[in-house]
Amino acid sequence: MPHLGINEITFLAQGLKWTLFLTAIGFVGGIVFGLVIALGRVAENRALRMAAAGWIAVFQGTPLLMQLFVVFFGLPLLGVNVSAWLAVAIALTAHASAFLGEIWRGAIQAIPKGQSEASHALGLHYRSRMFDIILPQALKISLPATVGFLVQLLKGTSLAAIVGFIELTRAGQIVSNQTYQPLFVFGLVGVLYFLMCWPLSHWGRRMEARLAQDPR
């Protein structure tokens with residue numbers, strides 16, 4: 001049976017740590033900016049709607065790999081030097097904000113218009129209507145899709161290796177080159193990804209089934 005020493009295992013664990021860290025940064029950043037994008041998509045102001053739609057079109061219509069390249073190699077051309085991990089964090093956040101923004105836009109528009117009209121008739125201002133009435137319901141509707149995107153984002157962090165950042169996939173490649181055991185090492189890396197992604201996918205499916213049974 002192939003054997004990995006403590007140094008190799010520690011190196012893989014460091015890569016795993018950075019994979020989780022990048023996923024957390026991209027997802028949290030995507031939540032913050034995605035909410036802005038979603039609100040822009042349903043705003044009454046046409047310019048805001050167009051700007052938000054353009055953002056979504058760009059980041060949904062181009063590969064994440066290209067977005068990583070643009071941030072990592074493009075910003076230095078503008079005089080802004082960024083480290084590999086910061087470039088990846090920026091690209092993942094922008095990528096996540098576009099997808100989450102569109103998911104939440106659909107959820108917001110799925111709420112019956114009568115609720116918004118009723119709250120408006122009661123004299124509630126926009127902030128109260130949106131944050132106290134519409135968004136809590138939209139969040140529940142969007143949870144399965146949001147969790148599903150989190151799984152995709154976690155797997156997408158493997159592209160960080162392209163710009164030289166050492167996350168789990170890149171760490172596996174380095175250990176594989178050192179030990180000459182690619183099948184075993186990448187099998188182990190695959191198992192680690194599975195152990196991270198499968199519970200999330202299962203959780204998302206359970207929420208989707210529960211929502212289908214009780215849509216309220």
Side-chain angles (χ1 to χ4, degrees), residues 22-75 77-78 80 82 86-121 124-160 162-163 200 204 207-208 211-212 215:
L22 287 176
T23 302
I25 288 179
F27 192 61
V28 172
I31 287 174
V32 174
F33 292 101
L35 180 59
V36 174
I37 296 299
L39 294 177
R41 287 284 282 123
V42 299
E44 296 180 358
N45 187 290
R46 186 172 183 272
L48 288 177
R49 293 199 308 271
M50 294 295 291
W55 180 272
I56 291 172
V58 168
F59 286 96
Q60 284 193 353
T62 56
L64 176 57
L65 179 60
M66 191 207 75
Q67 296 163 20
L68 286 169
F69 278 145
V70 168
V71 175
F72 186 69
F73 296 108
L75 289 182
L77 295 178
L78 300 176
V80 180
V82 293
L86 182 58
V88 174
I90 292 172
L92 288 177
T93 295
H95 180 78
S97 69
F99 280 87
L100 291 177
E102 187 66 359
I103 289 171
W104 295 339
R105 186 275 309 165
I108 290 171
Q109 293 183 334
I111 304 300
K113 290 184 178 181
Q115 296 195 28
S116 180
E117 293 171 354
S119 60
H120 183 71
L124 297 179
H125 52 73
Y126 175 81
R127 179 183 176 85
S128 294
R129 292 201 309 270
M130 187 59 67
F131 287 91
D132 295 334
I133 298 175
I134 304 300
L135 284 181
Q137 298 179 77
L139 176 62
K140 180 181 177 180
I141 295 174
S142 67
L143 270 178
T146 300
V147 173
F149 176 75
L150 174 59
V151 173
Q152 298 303 315
L153 185 67
L154 194 157
K155 292 186 288 187
T157 59
S158 62
L159 293 176
I162 301 297
V163 296
L200 290 173
M207 284 193 297
E208 186 173 10
L211 184 62

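- A distance of 11.0 Å separates CD1 in Ile141 from OG1 in Thr146, rounded to the nearest 0.5 Å.
- Results of the side chain to side chain contact (heavy atoms under 4.5 Å, CB included) test with Phe27 over Leu92, Leu100, Leu22 single out Leu100 as the only residue that passes.
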Please tabulate, for side-chain N and O atoms in residues 66-74, each donor-acceptor pair with protein atoms closer than 3.5 Å (sequence neighbours left out).
residue : atom : partner : partner atom : Å
Gln67   : OE1  : His95   : ND1          : 3.3
Gln67   : NE2  : Phe59   : O            : 3.0
Gln67   : NE2  : Thr62   : O            : 3.0
Gln67   : NE2  : Thr62   : OG1          : 2.9

Val88 and Ile25: CA distance, side-chain angles, deciding distance, side-chain contact (heavy atoms from CB on, under 4.5 Å) verdict: CA-CA 10 Å; Val88 174; Ile25 288 179; over 6 Å; no
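- The minimum heavy-atom distance between Val82 and Ala87, with the atom names listed, is CG2-CB, 3.9 Å.
- Using a 4.5 Å heavy-atom threshold, the side chains of Leu135 and Trp104 count as separate.
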Expected list for residues 32-50: side-chain donor-acceptor pairs under 3.5 angstrom, two or more places apart:
residue : atom : partner : partner atom : Å
Asn45   : OD1  : Ala47   : N            : 2.8
Asn45   : OD1  : Leu48   : N            : 3.1
Arg49   : NH1  : Ala43   : O            : 3.1
Arg49   : NH1  : Glu44   : O            : 2.9

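- Listed here is the closest heavy atom pair of Ala96 and Gly30: CB-CA, 3.8 Å.
- Not a single side chain to side chain contact (heavy atoms under 4.5 Å, CB included) links Val28 to another residue, sequence neighbours left out.
- Qualifying side chain to side chain donor-acceptor pair (under 3.5 Å) partners for Thr23, counting only residues two or more places apart in sequence or in other chains: none.
- Taking all atoms of both residues into account, the shortest heavy-atom contact from Ala107 to Ala138 is CB-O, 3.4 Å.
- The line from OG of Ser97 to CD1 of Ile31 is 11.5 Å long, rounded to the nearest 0.5 Å.
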Side-chain donor-acceptor pairs under 3.5 Å in residues 151-160, sequence neighbours left out?
residue : atom : partner : partner atom : Å
Thr157  : OG1  : Leu154  : O            : 2.6
Ser158  : OG   : Lys155  : O            : 2.8

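- Minimum heavy-atom separation, Ser142 to Ile103: CB-CG2, 3.9 Å.
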